[in-house]
Amino acid sequence: KQVEPKIFLKLVLHLARMALLLKISKSSKDFVAGKVSAEELTFLEQLIVSEPAKINSKTILALINAYEYVLQSPIPELGVEIAISDLSLS
């Protein structure tokens with residue numbers, strides 16, 4: 001099923017932010033638990049353990065840049081593709 005790039009990035013940005021909050025502050029777990037489902041919380045906790053180096057402010061900035069690109073580009077999917085490419089190469 002195809003998802004609108006803008007909506008996809010909003011969802012990914014939200015989850016990336018929650019993951020970063022969990023990573024930098026263990027006391028933020030209650031806050032994050034109130035913002036995501038139990039399944040998403042489990043996923044985020046596993047993500048922090050398995051890919052800690054990729055949960056950082058650079059990832060968030062890449063996603064924000066992709067979102068801005070989606071809003072301006074004649075090919076909205078390019079913003080997502082560029083962000084994935086940049087993040088996978090770093």
Does [X] reach the main-chain N or O of [Y] with its side chain, forming a donor-acceptor pair under 3.5 Å?
X: S73; Y: V70; answer: no
X: K29; Y: L22; answer: no
X: S28; Y: F31; answer: no
X: S25; Y: L21; answer: no
X: S50; Y: Q46; answer: yes

Check whether [X] and [Y] end up in the same hydrophobic cluster, where Ile, Leu, Val, Met, Phe, Trp and Tyr are linked by side-chain heavy atoms less than 4.5 Å apart.
X: L71; Y: L9; answer: yes
X: L61; Y: I84; answer: no
X: Y69; Y: L13; answer: no
X: L20; Y: V49; answer: no

Distance check, rounded to the nearest 0.5 Å: [X] atom [atom1] versus [Y] atom [atom2]?
X: L87; Y: N56; atom1: CG; atom2: CG; result: 8.5 Å
X: I64; Y: T59; atom1: CD1; atom2: OG1; result: 11.0 Å
X: K10; Y: E4; atom1: NZ; atom2: CD; result: 11.0 Å
X: L15; Y: I55; atom1: CG; atom2: CD1; result: 10.0 Å
X: N65; Y: I60; atom1: CG; atom2: CD1; result: 11.5 Å

For a 4.5 angstrom cut-off between non-hydrogen side-chain atoms, does E39 reach T42?
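Heavy-atom side-chain distance check fails, nothing below 4.5 Å.
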Is E81 close to L78 at the side-chain level, that is, under 4.5 Å between some pair of heavy atoms?
yes
Quick check on K6: does its NZ atom have over 12 non-hydrogen neighbours (other residues, nucleotides or ligands) under 6.0 Å away?
no
Specify the closest pair of heavy atoms between M18 and V36, including all atoms of both residues, with the distance to one decimal.
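Reported closest heavy-atom pair: CG-CG1, 3.8 Å.
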What closest approach, in Å, do G79 and A66 show between heavy atoms, and which atom pair accounts for it?
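So the minimum-distance heavy-atom pair works out to O-CB, 3.2 Å.
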Check K35 with E40, please: is the shortest side-chain N to carboxylate O separation under 4.0 Å?
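No, E40 and K35 are not salt-bridged.
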